[in-house]
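Source: prediction; values computed, not measured. Proteins get letters first, then strands, A, B, ... in listed order; numbering begins at 1 in each.
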Amino acid sequence: MDLNESQRQAVTHVDGPLLVLAGAGSGKTRVITRRVAYLAEQGISPHHILAITFTNKAAGEMRDRVAELACPPGATICTFHSLCARLLRDYADLAGLSPNYSIYDRDDQLKVAKRAIEEANIAGSNFTPARVHGQISNLKNELKVPADVLDDGDRYIRNVAKVYGRYEKILAANNALDFDDLLMKMSFLMRQQPDVRDALGRRFQYVLIDEYQDTNHAQYILAHGIALDHENICATGDPDQSIYAWRGADINNILDFEKDYPDATVVRLEENYRSVQPILTAASTLIAHNRMRKSKNLFTRKEGGEAVGVLICDDEHAEAREIANRIDAYRNDGGAYGDVAVFYRVNSLSRVLEEALMKKGVPYRIARGTEFYNRKEIKDMLAYCKLLVNPADDVSCLRIINTPSRGIGQTSQDRLASYAAPAGLCILDATAHAEAAGVGGASLKKVNAFAAMMHELAADIDRADASVSKTLEDIFRRTGLEESLSGSDEDARQARANIEELISTAAEFDEQDHEDSEVGPLAAYLHQVALVSDVDRLEGATGAVTFMTLHAAKGLEFPVVFMVGCEEGLLPFQRGPSFPGMDEDIEKTEEERRLAFVGMTRSQTRLAMSCAKSRMVRGRRTPQAKSRFLDELGAETVRVEDLTTSMAELDRSGGFRNRMKRARGGRRRGGFYDEASQREIIEAMDDRLFEDGHRDDVDEPVPPEYAYLKPGCMVRHATFGTGKVVKLSQPWPKTRATVLFHEFGQKKLVLAHTSLDVLESENW
DNA sequence: GGTGTACTCATTTTT
DNA sequence: TGAGTACACC
């Protein structure tokens, strides 16, 4: 067997609780997949095996790898959320739900939170939907209902409890669940219905949970509930990689596993197959500074390897330039761009890096979860589906009642809503009583037409032969979405392509068999889609440098890694001011240290960590101190390179910036061009500034970079990346431009909000 | 529905 | 600084 001794031990352990403490890069995934196959070889029906992961991506990979091991199919390999979604459909009656419930995504959840705040009549900057929703989410993860915190000592929490109560009422009225509900309702169901728990225990006789260090309380209860009788529970994870406490993950779940199961077998996977010695030593030395952990002795047999670089730079621009140069050099030495990753603590650090790489012509990609399913046209389509499956879903109803616009304006919507509420109707029902609701004139006809259309669509779905893809096609055509997107502009083209893609994923879904008899295929499809984000898309070698946050890096590996912004305040992250001697939250700092550890242990052969002595933070140049973590790496395996020059500060704070600023009437941004290209721009444009760039209406020169913004220019936007200007909505001076971005289709950008950098223009 | 402007707020985000 | 948003106005 191609396993080391401890891996073998973990794989071949069959009955009873097992804790696998899997160090970074120790072959954990291999152990889990082999273990599933091994259990099957021992004559255990795969039907009785449940493997739970945190992401669909991980679940998919595990399924593939188990299949490769010639394991008979039938094991349940899925995420906590998808497991619960399925069980709640099966047990809908017992859970007091209707199985066609909608699953609300983050946007929908925030809409509900917003309404709940309004209804609870609580205002204040502490009560933003996002914030309150976060609190509610945490409470749900702890399996707390509003009543549990209604008498809390903290007034803020008491108010949150009020909103939480309203929030739950709204969800219930819409027959909808949020992500946390899936876990919470299922936990409650198991608690209240011993029969359900027994049945699940009998069905899933072997339970495996991956990334156990990131489980929250609800997930803990679920896993242990299922395993209550047989105790065949195998938890794998690494406490040193627990980085989601802020989202409710409880590191004590893994630290206390042996208390929960005193008989547990504990296996430590300590041989690292990923990193060279200096990287592993530095990372281990760093993490040894944490007190809340199980000590581990990671080792590697990989010989050699360079010392970990610690780069000290003048500022973020110097840092970015240095990294760009090194990536360039690596490539010239025969390396591939795709080998390289750059990690940062916060997304905002990516900008300067992007600029530097772009200037060097180094291709890069940013790993963000900007999902396919977040696009407007996709969400519109799915909202129609949700509404058809679940007419009570007012959030979806309001989303599409006037999309595409069909003359049902805010007023009519309000009338329908206020008619529906006291009558206990949903809004879709209310459209059948539009006249009674006070909708009159032209709007009345429009509402009636909408009601009739939805009625017809619903009737068609009920026909037995309706496949999901066919339903989607019908919706696209008959709701007028197709017509509204029939234009020839890039926006519409992209939207149509996206919808085609959606329909083909639905066709794939149609191909699979689903035993789900509780609900129709459309409902099952919606539940699946709601729980899929496409981080899966970040795959394969692309020949580009990869940028991502430290959080996003978990589970990945790269030959070459740069970690930027290793400065106090950024890593460890701290909001607000701090000073020596100030009380610190040790647990938070330890999580930050784990985050640094995760980042470092992603790298296979080369690792450089950089810091800058000064950095722009929220529009202010701020002196930065290097991260304490850099001092905790141990001196032997680290090579410090001081790249600071006394000249640098002078260059940038010098007269040129001010000149730019004055030329721009004291507004707009700066800091993108290096001095040489800035001079070039100014010189090229000095005599044309008046002609092209002077605003007649305002006695103020136009910012030079915008004066030359024309169709064909390459531009860069902080959120969307680089793109090409398709058109300006009117000739300059203007405030809006349409830009074609490779990944995001066409976006209208408001230049008055200073969101663009012009990269190159034929006019220069 | 498009446009301009004034305001406020600023981690990480597997589902 | 800069981006999203709320709102007023056409």
Polar side-chain atom of Glu316(A) near backbone of Leu349(A) as donor-acceptor pair, under 3.5 Å: no
What integer distance in Å separates Asn216(A):CG from dT13(B):P? 18 Å
Report the distance from atom CD of Glu211(A) to atom C1' of dT13(B), rounded to the nearest whole Å. 15 Å
In chain order, what residues pass the side-chain hydrogen bond (donor to acceptor under 3.5 Å, both in side chains) check against His527(A), with sequence neighbours excluded? Arg89(A)
Could you state the CG-P distance from Asp108(A) to dT15(B), rounded to the nearest angstrom? 17 Å
List the residues meeting side chain to side chain contact (heavy atoms under 4.5 Å, CB included) with Ala95(A), not counting sequence neighbours, and say none if there are none. Leu88(A), Leu97(A), Leu189(A)
Side chain to side chain contact (heavy atoms under 4.5 Å, CB included) filter on Arg247(A), not counting sequence neighbours, yields Tyr244(A)
Separation between the P atoms of dT12(B) and dT5(C), rounded to whole Å: 16 Å
Any N/O pairs under 3.5 Å between the protein and nucleotides 10-12 of chain B? List them or say none.
unit_1  : atom_1 : unit_2    : atom_2 : d
dT12(B) : OP1    : Asn347(A) : N      : 3.3
dT12(B) : OP1    : Asn347(A) : OD1    : 3.2
dT12(B) : O4'    : Arg345(A) : NH2    : 3.3
dT12(B) : O2     : Arg345(A) : NH2    : 2.3
dT12(B) : O2     : His551(A) : NE2    : 3.4

Indicate, with a heavy-atom threshold strictly under 4.0 Å, whether Ser405(A) touches base, sugar-phosphate, or nothing. sugar-phosphate
Atom CG of Leu531(A) and atom C1' of dT15(B) are separated, to the nearest Å, by 6 Å
Looking at dT15(B), I'd like to know if its phosphate oxygens (OP1 or OP2) sit under 4.0 Å from a side-chain N or O belonging to Asn56(A). yes
Does dG2(C) have OP1 or OP2 sitting under 4.0 Å from an N or O in the side chain of Arg351(A)? yes
For Asn402(A) and Lys554(A), take the nucleotide of DNA chain B holding the closest heavy atom to each; which residue's nucleotide lies nearer the 5' end? Asn402(A)
For Ala235(A), which residues count as a side chain to side chain contact (heavy atoms under 4.5 Å, CB included) partner, sequence neighbours excluded? Leu19(A), Tyr212(A), Phe257(A)
Rounded to whole Å, please give me the gap between CD in Glu316(A) and P in dT1(C). 13 Å
In this structure, CG of Asp108(A) is separated from CG of Leu171(A) (nearest 0.5 Å) by 9.5 Å
By salt bridge (charged side-chain N to carboxylate O under 4.0 Å, His left out), Glu118(A) pairs with (sequence neighbours left out) none
With sequence neighbours left out, write down each residue that passes ring-ring contact (aromatic ring centres under 6.0 Å, His included) with Phe179(A), or none if nothing qualifies. none
Could I get a table of every N or O pair under 3.5 Å where one atom is in the protein and the other is in nucleotides 8-10 of chain C?
none

Check the distance between dT13(B)'s P and Asp105(A)'s CG and give it to me in whole angstrom. 17 Å
Grab the NE2-C1' distance between His133(A) and dT13(B) for me, whole Å please. 12 Å
For Leu110(A), enumerate each residue passing the side chain to side chain contact (heavy atoms under 4.5 Å, CB included) test, keeping only those at least two apart in sequence or located in another chain. Arg106(A), Pro129(A), Ala130(A), His133(A)
Whole-Å gap separating C1' (dT14(B)) and CD (Gln213(A)): 11 Å
Per the glycosidic torsion and the 90° limit around 0, nucleotide dT12(B) is anti
